[in-house]
Amino acid sequence: MAVPWEEYFRLALQEKLPAKIPEQSVDHFPPVLRLLEKRQELVDADRGLQAQKEVFQTTRAALKERWGQLEQKEQELKGSFVRFDKFLQDTEARRSRALRRAAQERLQADRREAEALRLRAQFEELQRERARLRCRLERLEPCARLLGRVLEQLPEFQEVPELVARFDGLVDMQAALRLTERQRLAELEEARARLQRLRDAGQSELLGQGQRRVQLLERLEAARERTLRWESKWIQIQNTGAEKTLLLGRTRIAALNLFQLVCRHKTHPPALDIEDTEGQLEQVKLFILDLSAMLASLGQAKPTPAC
């Protein structure tokens, strides 16, 4: 571990300076001599430090040179390792490239063999197609001659392909018209089926409406009968109510007359409202009870006749 310059000089100065000045020197030497002595000690210490500094510089230079040599050797070793590693990498790369090249060559050979087989099969297929086209050409040769004669009779066409294109257009138009006709027939059949369904639904709706009309007429007749029955009951109730009202009026008048008769026989008649029929009947009841008790007491007090 490197020691700082300041720490090194401080340690060297402490070694050069005396640890402690003897006490007896203070009594024997004057201050000027002590100062000169101290200055001489400082000069000697400075010289010693300078000498040690030169030695340290020399040692440091030698160590630095040694470190430089070691670093150079280390760099050379690193370079050797790098070159060796590169040599190994190059060798591995060349080996890998050789293996890949061999694999690619094998793959290319397989591909060329497969391509050769494909081309051979394609050549055979082309030969078969050629034979088939030759047979077809021989078979269509009369048609070609016929088309040539037709082309001579139709001056509006210059070449056979125009005539064939015209014929193909007519065939396509005929197919399109047939397709349109089938679509229109399908739409017509669908419209007929929809119309029939609507008719059936209309008939069912008419039948349902007729049934509902009959049910409503029956409910109307039943309602009329109930209305007549309730009207007759209402008239009967009104008549019964009138009779009951008349009887109630008569009863109230009879009760009032009885109450007035009772009040005539009483010294202090009770003050009741003219509409208080129940109170009036209660007073009549009490008067009849009193009268019955009185008659009963008179019958008991009557003497028995002699035999």
Chemist: State whether Arg120 and Glu124 are salt-bridged, where the test is any N-O pair (Lys NZ or Arg NE/NH1/NH2 against Asp/Glu carboxylate O) under 4.0 Å.
Modeler: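 Judged by the 4.0 Å cut-off on N to carboxylate O distance, Arg120 and Glu124 do not form a salt bridge.
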Chemist: Please tell me whether Glu243 and Asn239 have a donor and an acceptor in their side chains that are separated by less than 3.5 angstrom.
Modeler: no
Chemist: Is the cationic atom of Lys233 (NZ for Lys, CZ for Arg) positioned less than 6.0 Å from the six-membered ring centroid of Trp230 and within 45 degrees of its normal?
Modeler: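 Output yes; distance and angle both within limits.
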Chemist: For Gln236, does the CD atom have more than 12 heavy-atom neighbours from other residues, nucleotides or ligands under 6.0 Å away?
Modeler: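 Not more than 12 within 6.0 Å, no.
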Chemist: With a 4.5 Å heavy-atom cut-off, do Gln50 and Arg47 have their side chains touching?
Modeler: no
Chemist: Can you check side-chain hydrogen bond (donor to acceptor under 3.5 Å, both in side chains) on Gln209 and Glu205, steps first, answer last?
Modeler: CA-CA 6 Å; Gln209 293 292 339; Glu205 185 68 22; 2.9 Å; yes
Chemist: Could you give the distance from CZ (Arg178) to CG (Leu185), rounded to the nearest 0.5 Å?
Modeler: 13.0 Å
Chemist: Just how far is it from atom CZ of Arg112 to atom CG of Leu107, taken to the nearest 0.5 Å?
Modeler: 9.5 Å
Chemist: Listed by chain and number, what are the side chain to side chain contact (heavy atoms under 4.5 Å, CB included) partners of Arg118, not counting sequence neighbours?
Modeler: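 Expected list: Glu115, Gln122.
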Chemist: Check this for me: does any side-chain nitrogen of one of Glu129 and Arg134 sit under 4.0 Å from a carboxylate oxygen of the other?
Modeler: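 Salt bridge: no.
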Chemist: Strictly by modelled atom types, are Gln215 and Gln211 linked by a side-chain donor-acceptor pair under 3.5 Å?
Modeler: no
Chemist: Using the side-chain contact (heavy atoms from CB on, under 4.5 Å) rule, pick out the option among Leu289, Ile288, Leu281 that qualifies with Lys285.
Modeler: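 The passing option is Leu289.
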Chemist: For atom CD of Glu125, decide whether the heavy atoms of other residues, nucleotides or ligands shown that lie under 6.0 angstrom number more than 12.
Modeler: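 Yes, the 6.0 Å shell around CD holds more than 12 heavy atoms from other groups.
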Chemist: If you measure from CD on Gln260 to CD on Gln283, what distance do you get to the nearest 0.5 Å?
Modeler: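 Answer rounded to 0.5 Å: 13.5 Å.
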Chemist: Working to the nearest 0.5 angstrom, can you tell me the gap between Thr251 OG1 and Lys244 NZ?
Modeler: 10.0 Å
Chemist: With a 4.5 Å cut-off on side-chain heavy atoms, are Arg94 and Asp90 touching?
Modeler: yes
Chemist: Drop me the distance from Gln57's CD to Glu54's CD, to the nearest 0.5 angstrom.
Modeler: 9.0 Å
Chemist: Using side-chain contact (heavy atoms from CB on, under 4.5 Å), reason through Thr180 and Arg184 one step at a time and then give a plain yes or no.
Modeler: CA-CA 6 Å; Thr180 305; Arg184 295 294 179 270; 4.0 Å; yes
Chemist: Rounded to the nearest 0.5 Å, what's the gap from CZ on Arg224 to CD on Glu231? Could you check?
Modeler: 12.0 Å
Chemist: Verify the neighbour count for atom CZ of Arg95: are there more than 12 heavy atoms of other residues, nucleotides or ligands below 6.0 Å?
Modeler: no
Chemist: Are Glu189 and Arg192 within salt-bridge range, i.e. N to O under 4.0 Å?
Modeler: yes
Chemist: Flag yes if more than 12 heavy atoms outside Arg130 fall under 6.0 Å of its CZ atom; otherwise flag no.
Modeler: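 Atom CZ in Arg130 is not crowded, with 12 or fewer foreign heavy atoms closer than 6.0 Å.
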Chemist: List the steps and the verdict of side-chain contact (heavy atoms from CB on, under 4.5 Å) for Arg197 and Arg194.
Modeler: CA-CA 5 Å; Arg197 288 195 299 270; Arg194 188 165 57 252; 3.6 Å; yes
Chemist: Can you find a pair of side-chain heavy atoms, one from Leu246 and one from Arg250, that are under 4.5 Å apart?
Modeler: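 Side chain of Leu246 against side chain of Arg250, heavy atoms only: contact under 4.5 Å found.
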Chemist: Excluding sequence neighbours, so at least two apart, what forms side-chain hydrogen bond (donor to acceptor under 3.5 Å, both in side chains) with Arg101?
Modeler: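 Partners of Arg101 under the side-chain hydrogen bond (donor to acceptor under 3.5 Å, both in side chains) test: none.
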Chemist: Taking the basic N atoms (NZ, or NE/NH1/NH2) and the acidic carboxylate oxygens, is any pair closer than 4.0 Å for Glu76 and Lys73?
Modeler: no
Chemist: Tell me whether the count of non-hydrogen atoms from other residues, nucleotides or ligands lying under 6.0 Å of CZ in Arg199 goes above 12.
Modeler: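 Atom CZ in Arg199 is not packed in, count stays at 12 or less.
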